[in-house]
Amino acid sequence: MRAAFARPLPGRFYDRPTTEVAVDLLGRMLIRRVPGGFSFARIVETEAYTSGDRANHADRGPTLRNRMMFGPPGTLYVYRIHQVHCMNAVTGHGTAVLLRSAEPGIGLASDPRGPGRLCRALGVGPAENGTSLADGPVRITGAPPPGLVVDRGPRVGISRDVERPFRFAIRGDPWVSSPRPRSRGRARAQRSFAQS
DNA sequence: TCATTGATTTGCT
DNA sequence: GCAAATCAATGAT
């Protein structure tokens, strides 16, 4: 994992349309540096929060909570909801991808299925808010497998703009959180970004 | 300053 | 399947 941690996706990976990044993050490795080593998980489910999107925390402009969403692409945005934390990859001014679920890798503290559980499993909290996914303590690396099939559907747990199909998940993956997105509306994973 | 709400999880029916 | 937990950020007063 040390070598992989040293070759994270660069900031420009995230400087693209948010839905495109959300799909392209599926199947990649989320790596957490911890004292004396690393822990990691494979991303299997994401959601896009775009501009002009009333479900987006940043839709009404910068606030104390969402200010990290206005940092550069590749910034990690961590927020608290109820009693847990959730993490996002910032893609532009006030847009981000919520990392919803992952398959366990090595070194996890607990089950990473679900956005709150994912943060808990990787030990991600307020201390990591605003750090860089390109050179911070939490990074994303690797490439999705060829031919990955992606399901899409409405996002989970929101009350505004509920109909937008901005939730993406690896078809058939047992670590996708419930309820699963519908199997129709399939979309092939985009491989437009070539990692250096 | 006050009331409302929530990008969730958990446990109980 | 449904509701409680539980509290800070947010928006209204």
Side-chain angles (χ1 to χ4, degrees), chain A residues 14 16-28 30 32 41-104 108-131 133 138 140 150-170 173-182 185 187:
Chain A
Y14 303 93
R16 291 180 292 155
T18 306
T19 53
E20 185 177 321
V21 174
V23 171
D24 208 3
L25 283 174
L26 295 174
R28 298 188 190 261
L30 183 60
R32 169 77 159 120
R42 177 172 166 265
I43 300 167
V44 302
E45 180 183 346
T46 60
E47 283 179 357
Y49 288 86
T50 66
S51 59
D53 177 2
R54 289 170 30 230
N56 186 340
H57 287 170
D59 189 47
R60 300 196 184 201
T63 66
L64 185 63
R65 174 175 70 164
N66 69 25
R67 64 193 188 282
M68 295 310 180
M69 289 185 75
F70 294 86
T75 297
L76 185 66
Y77 165 51
V78 179
Y79 70 90
R80 189 187 134 149
I81 177 70
H82 289 76
Q83 310 313 108
V84 302
H85 296 276
C86 300
M87 72 173 115
N88 301 251
V90 173
T91 57
H93 290 306
T95 58
V97 175
L98 170 67
L99 306 183
R100 276 198 65 86
S101 196
E103 171 190 342
L108 299 188
S110 56
D111 175 358
R113 181 193 320 229
R117 292 192 186 108
L118 178 57
C119 277
R120 185 175 60 181
L122 289 174
V124 172
E128 287 71 38
N129 188 26
T131 61
L133 287 165
V138 181
I140 299 174
V150 176
D151 284 329
R152 68 183 298 172
R155 294 170 291 185
V156 177
I158 58 173
S159 61
R160 295 181 293 187
D161 281 338
V162 294
E163 74 291 348
R164 296 190 180 198
F166 286 171
R167 179 191 185 200
F168 305 93
I170 296 177
D173 193 290
W175 291 95
V176 172
S177 70
S178 62
R180 288 169 171 276
R182 302 172 69 93

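First the proteins, then the strands, lettered A, B, ... as listed; each starts at 1.
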Using the aromatic ring of Y79(A) (for Trp, its six-membered ring), decide whether it stacks on the base of dA7(B) within the limits of 5.5 Å and 30°. no
Is it true that D151(A) and R167(A) make a salt bridge, defined as a side-chain N closer than 4.0 Å to a carboxylate O? no
Compare the minimum distances between each of [options] and the side chain of [X], then state the nucleotide with the smallest one.
X: H82(A); options: dA7(B), dT10(C), dT6(C); answer: dT6(C)
X: Q83(A); options: dA5(C), dT9(B), dC7(C); answer: dC7(C)
X: V84(A); options: dG11(C), dT9(B), dA5(C); answer: dT9(B)
X: R80(A); options: dT10(C), dA8(C), dA7(B); answer: dA8(C)

Would you say [X] places a side-chain N or O within less than 4.0 Å of OP1 or OP2 belonging to [N]?
X: R65(A); N: dT10(C); result: yes
X: T63(A); N: dT10(C); result: yes
X: S159(A); N: dT5(B); result: no

Can you find a heavy atom in the side chain of [X] that is under 4.5 Å from one in the side chain of [Y]?
X: S177(A); Y: R100(A); result: yes
X: I170(A); Y: E45(A); result: no
X: P126(A); Y: H85(A); result: yes
X: I43(A); Y: I140(A); result: yes

If we call it a pair only when both distances are under 3.5 Å in a Watson-Crick or G-U wobble match, what pairs with dG1(C)? dC12(B)
Which base sits across from dA8(C) as a Watson-Crick or G-U pair, both distances under 3.5 Å? dT5(B)
Rounded interatomic separation in angstrom, taking [atom1] from [X] and [atom2] from [N]:
X: H85(A); N: dA9(C); atom1: NE2; atom2: P; result: 10 Å
X: M69(A); N: dA7(B); atom1: CE; atom2: C1'; result: 10 Å
X: N88(A); N: dA7(B); atom1: CG; atom2: P; result: 11 Å
X: E45(A); N: dT8(B); atom1: CD; atom2: P; result: 10 Å
X: L99(A); N: dA7(B); atom1: CG; atom2: C1'; result: 12 Å
X: R60(A); N: dT4(B); atom1: CZ; atom2: P; result: 17 Å
X: R160(A); N: dT5(B); atom1: CZ; atom2: C1'; result: 10 Å
X: I81(A); N: dT4(B); atom1: CD1; atom2: P; result: 17 Å

Between dT5(B) and dA3(C), how far apart are the C1' atoms? Round to whole Å, please. 16 Å
For the residue pair T91(A) / T18(A), report whether a side-chain donor-acceptor contact shorter than 3.5 Å exists. yes
Need one value for L98(A): base, sugar-phosphate or nothing, where a base atom within 4.0 Å counts as base even if backbone is also close, heavy atoms only. base
Given the rule in the side chain to side chain contact (heavy atoms under 4.5 Å, CB included) test, do L122(A) and V138(A) qualify, once you have shown the distances and angles that lead to the verdict? CA-CA 9 Å; L122(A) 289 174; V138(A) 181; 5.6 Å; no
Nucleic acid contacts of residues 116-126 of chain A, taken as heavy-atom distances under 4.0 Å to DNA chain B: G116(A), R117(A), R120(A)
Kindly say whether the aromatic ring centers of H57(A) and Y49(A) come within a distance under 6.0 Å. no
